[in-house]
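Whatever order the structure lists ligands and atoms in, that order sets their numbers, starting from 1.
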Amino acid sequence: MKIGVLALQGAVTEHIQMLFALGTEAVPVRLPSELNGLDALIIPGGESTTIGKLLSDYCLLEPIRRLAKKGFPIFGTCAGLVLLAKKVLNLQTESIGTMDIVVKRNAFGRQVESFETDLKIPALHNGSFHGVFIRAPIIEKVDRSVEILCQLNGKPVVVKQGNLLACAFHPELTGDTRLHKYFLDIVAGDSDCKE
Ligand code: GLN
């Protein structure tokens, strides 16, 4: 299995290290040609406006949209979740726009209001998961076809739609590989959509 990590800006190395820890080949992706031969893609947290602009500048927006339409597995964390959403209430750049969720950026407040909290994610073995929320987005609405895997204060913070997985926090900043493993299991169940 070979997983790409979009490497335009943000927490790239941490995702790559987490995939290595799971014994999975992981490569940074900066160019459209680097999408070839991948089994899945992770879009890291960072700044969605910056990543969105660079996705256009590096001609990655269309190829990633095409892949997502074909069922290619993509995991978006924090800014990555923002970029996957079909509708973002306050994003000035284009986004990949492939997941049926409505998102508001920076909705938990300013940088100083970032926080960490223990979450319950029943789909993971042992359930409890430490969530690191850094200027995180809020998912305001989800389509009926979107599975809510975890909520915080009544708002979804981990969602899945087909082969798309997204979370509002930073699992790569903890030592806990279970959410990445969960994604790899999605990827393993779907070997037909290699680019
Ligand atoms: N505030 C950022 C944004 O909207 C997301 C922050 C993050 O990825 N930690 O892009």
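Here N106 has side-chain heavy atoms under 4.0 Å from ligand 1, and that is the only part of it that gets that close.
For I134, a nitrogen or oxygen atom sits less than 3.5 Å from a nitrogen or oxygen atom of ligand 1, counting backbone and side chain alike. Polar contact check, G45 against ligand 1: no nitrogen or oxygen pair lies under 3.5 Å apart. Every N/O-N/O distance between T77 and ligand 1 stays at or above 3.5 Å. At a 3.5 angstrom cut-off on N or O pairs, T49 does not count as close to ligand 1.
With hydrogens left out, the protein atom closest to atom 7 (C) of ligand 1 is C78 SG, 2.8 Å, a heavy atom. Shortest contact from atom 9 (N) of ligand 1 to any protein heavy atom: H170 NE2, 2.7 Å. Among protein heavy atoms, atom 3 (C) of ligand 1 sits closest to S48 OG, 3.3 Å.
Between H15 and H180, the angle of the ring planes lies from 30° to 60°, which puts this pair in the tilted group.
Side-chain N/O atoms of D143 and Q161 include no donor and acceptor closer than 3.5 Å.
Listed by number with element, the atoms of ligand 1 under 4.0 angstrom from any heavy atom of R105 are 3 (C), 4 (O), 10 (O). Residue contact check: G46 has heavy atoms under 4.0 Å from atoms 2 (C), 5 (C), 6 (C), 7 (C), 8 (O), 10 (O) of ligand 1. Listed by number with element, the atoms of ligand 1 under 4.0 angstrom from any heavy atom of R135 are 1 (N), 2 (C), 5 (C), 6 (C).
Electrostatic pairing of R135 and E47 counts as a salt bridge here, judged by a charged N lying under 4.0 Å from a carboxylate O. E62 and R65 are joined by a salt bridge, as a carboxylate oxygen and a charged side-chain nitrogen come within less than 4.0 angstrom of each other.
In this structure, Y58 places its OH atom where only 12 or fewer heavy-atom neighbours from other residues, nucleotides or ligands lie under 6.0 Å away. Atom CG of N153 is surrounded by 12 or fewer heavy atoms from other residues, nucleotides or ligands within 6.0 Å. The neighbour count for K160 NZ, taken as heavy atoms of other residues, nucleotides or ligands under 6.0 Å away, is above 12.
V142 is not connected to L89 by any chain of hydrophobic side-chain contacts under 4.5 Å among Ile, Leu, Val, Met, Phe, Trp and Tyr, and they are in different clusters.
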